[in-house]
Amino acid sequence: NAATAPANPERSGYTFSGWDKAFSNVTSDLIVTAKYTINNDDQGGGSSTGDTPTPTSTAKLSPAPTPTTAPKPTPVPTSAPGSSNVVITQGQNTLIATGTTQAIVDEKGRAATTFTQEQASEIIKKALEETQKQQKGTTTGIEFRVETDKAASDVKASLPKTAIDEAAQKELKALTMSSPVASLTFDSDALNTISQQSSADVIISMAKVDTETLSEETQEMIGDRPVFDFSVTSGDKVISQFDGNVSVSVPYSPKPDEDMNAIVIYFINAQGELEVITDCFYDPATGNVRFTTSHFSQYAVGYNKVGFNDVSANAWYHNAVSFIAARNITRGTGNSSYNPDAKLTRGEFLVMVMRAYGMEPDENPEDNFVDAGDTWYTGYLAAAKRLGISKGIGDNRFAPEKNITRQEMFTLLYNTLKAVGKLPSGEDGQPLNTFVDADKIASWAKEAIDKLVRAGIIKGSNGNLLAEDSSTRAEMAQVLYNLLSK
């Protein structure tokens, strides 16, 4: 680099002055020609004068060699972000306060960072201050965002134990840890689990898994789609089971021929087997696959396209049926048929809505409806009774083979969502009284239908709700699709 004056090999005892040039980004040999004044230091001083021509010197400078080893990462900033660095994002009845820190990615794609207590407290404080300015009923969350200098395959972020406890005690509705690898949102119950089980600072890890570590069968099913491993640790303790739910978002670019409704998430269980997650969907607006879980392990993006002979590509219910079939919520009626126009029975609907939300049937139940029988829906009926999803139709009967009405369907759906803590909170729909036949809804179904109508889950038909009409299998698929794809 041209950091020093060029030497003149033919002269000695001379100095150069006024050499103030600097060069950067030198990528090849550089020829520098400079005029200079000679100070005759070894002749008692003095400089060239008169008609003596000003000499010149030419030097050949080569660029500095490229380092052969990666530079050492600079320390991750740990100073508190301050109020101006906490970003507030508002939605409909929601508010999120976000604080960001930078992490350096090493040569193996790993990044680690720490949020200080000062940073965490500032984010929580700002969230609560802004919430006080909002209308009653605003849901407040906080987000810790990790940004990296380049693509990362493994991100670890540490939060102080005191910050976790503070967030739980303030009854914040959600805590999010986001990074280029994934985004994890812990609801208040899951956050309480971490607070209660941790004894030291909490490390949240999001990593991409080398698929070569998986079984050949699993590799074949997943292909080149990404696999992720999530974990929460505190000291020597691994916290993998949560009393609440964790909403996960992972980036994915669909292949040109992929049906977005058939993009799913697989849980890789302890035996290395794949289990499809029913509560998952691809969001084209963000380019992420989103799903909900109550435990951490390895998860993979998968593709499970299921077709039926009687569901055409241009049918109004095609997307809905493809969506629930890909998640094993329905297996059709046999012979590669779905039978979309068939009337839906109470037993069929109950089983499918419980499958949609990952609810397992009771095994060897001691208490059940008297008409539950001993068949494919028996255990589901027992679980529904135990969880308060259904009280039956009277005399301890459920009538599983009876065609279900729309208001019965919506009531069972509402009770299921309440049981799993997933009642919709939005107001995208319209008031119940705007429907022409709202007065025909039974008193026991009005609360459920009102909630689902206001949330935009129930659309009606030509201004009518048709609460007393029976429902078809196609209509059931559309209702579940409207819920699970949001």
Side-chain angles (χ1 to χ4, degrees), residues 220-226 249-266 274-292 300-345 348-349 351-358 403-404 406 409-410 413 424 428-429 452 455-466 469-486:
E220 184 176 350
M221 288 189 66
I222 295 172
D224 59 357
R225 299 179 184 89
S249 180
V250 296
Y252 179 66
S253 298
K255 301 177 188 302
D257 60 342
E258 286 185 341
D259 177 359
M260 289 187 294
N261 293 302
I263 297 172
V264 298
I265 290 289
Y266 287 115
L274 299 179
E275 299 179 15
V276 69
I277 301 294
T278 54
D279 190 4
C280 68
F281 71 100
Y282 175 74
D283 182 1
T286 61
N288 292 323
V289 186
R290 297 167 57 182
F291 64 100
T292 303
V301 177
Y303 189 70
N304 186 31
K305 179 68 175 177
V306 180
F308 297 103
N309 296 330
D310 53 358
V311 178
S312 63
N314 58 358
W316 62 267
Y317 46 79
H318 173 269
N319 287 343
V321 173
S322 296
F323 185 92
I324 65 172
R327 288 149 181 79
N328 294 337
I329 296 170
T330 182
R331 298 178 177 88
T333 57
N335 299 318
S336 296
S337 297
Y338 178 72
N339 212 359
D341 297 323
K343 297 300 182 183
L344 186 69
T345 68
E348 286 175 327
F349 177 76
V351 170
M352 280 192 270
V353 75
M354 292 180 72
R355 280 179 184 164
Y357 288 96
N403 288 343
I404 195 170
R406 286 169 58 82
M409 181 172 72
F410 296 139
L413 175 60
D428 299 333
L452 297 177
I457 304 304
I458 302 175
K459 304 292 186 182
S461 176
N462 296 321
N464 291 278
L465 288 169
L466 309 174
D469 285 11
S470 56
S471 187
T472 66
R473 290 172 55 83
E475 291 171 333
M476 179 277 307
Q478 190 65 45
V479 169
L480 293 181
Y481 179 62
N482 291 347
L483 276 167
L484 295 174
S485 63
K486 287 191 174 183

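In this chain, residues are counted from 1 in sequence order.
Across every non-hydrogen atom of Ala326 and Asn261, the tightest pair is CB-O, 3.9 Å. What you find for Cys280 and Arg327 is that their closest heavy atoms are O-NE, 2.9 Å. A pairwise comparison of heavy atoms in Tyr282 and Gly287 identifies OH-CA, 3.5 Å as the closest pair. Considering all non-hydrogen atoms of both residues, Gly358 and Thr278 come closest at N-OG1, 3.8 Å. When every heavy atom of Pro340 is checked against every heavy atom of Tyr317, the shortest pair comes out as CG-OH, 3.4 Å. Minimum heavy-atom separation, Ile222 to Val301: CG2-O, 3.9 Å.
With values rounded to the nearest 0.5 angstrom, Leu465 atom CG is found 7.0 Å from Arg406 atom CZ. Rounded to the nearest 0.5 Å, atoms CG (Asp310) and OG1 (Thr333) are 6.5 Å apart. Here Ile324 contributes atom CD1 and Arg331 contributes atom CZ; the two are 11.5 Å apart, rounded to the nearest 0.5 Å. One distance of note links NE2 of His318 with CZ of Phe308; it measures 10.5 Å at 0.5 Å rounding. Atom CD of Gln478 is separated from atom OG1 of Thr472 by 10.0 Å, given to the nearest 0.5 angstrom. To the nearest 0.5 Å, the span separating CD1 on Ile263 from OH on Tyr303 amounts to 7.5 Å.
Using modelled atom types and a 3.5 Å distance limit, the side chains of Ser337 and Asn339 yield no donor-acceptor pair. Using modelled atom types and a 3.5 Å distance limit, the side chains of Asn288 and Ser249 yield a donor-acceptor pair. Between the side chains of Arg225 and Tyr252, at least one donor N or O sits under 3.5 Å from an acceptor N or O.
Counting only distance, with no hydrogens or angles, the side chain of Tyr338 and the backbone of Arg473 share a donor-acceptor pair below 3.5 Å.
Side-chain contact between Ser461 and Leu466: present, with at least one pair of heavy atoms (C-beta onward) separated by less than 4.5 Å. Between Phe410 and Ile457 the shortest side-chain heavy-atom distance does not fall below 4.5 Å.
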### Task
Test side chain to side chain contact (heavy atoms under 4.5 Å, CB included) on Met476 and Ile404 and set out the steps.
CA-CA 10 Å; Met476 179 277 307; Ile404 195 170; over 6 Å; no
### Asn328 vs Arg355, side chain to side chain contact (heavy atoms under 4.5 Å, CB included): CA-CA, chis, key distance, verdict
CA-CA 8 Å; Asn328 294 337; Arg355 280 179 184 164; over 6 Å; no
### Task
Decide yes or no on side chain to side chain contact (heavy atoms under 4.5 Å, CB included) for Asn403 and Thr345, but give the supporting numbers first.
CA-CA 4 Å; Asn403 288 343; Thr345 68; 4.2 Å; yes
### Pair Phe281-Leu484, side chain to side chain contact (heavy atoms under 4.5 Å, CB included): steps then yes or no
CA-CA 7 Å; Phe281 71 100; Leu484 295 174; over 6 Å; no
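Electrostatic pairing of Lys255 and Asp224 counts as a salt bridge here, judged by a charged N lying under 4.0 Å from a carboxylate O.
Evaluation of the side chain to side chain contact (heavy atoms under 4.5 Å, CB included) rule for Ser336 yields Asn309 as partners, not counting sequence neighbours. Applying the ring-ring contact (aromatic ring centres under 6.0 Å, His included) test to Tyr481 and every residue at least two apart in sequence or in another chain returns Phe323.
When each of Val479, Ile329, Leu413 is checked for a side-chain contact (heavy atoms from CB on, under 4.5 Å) with Val353, only Leu413 meets the rule.
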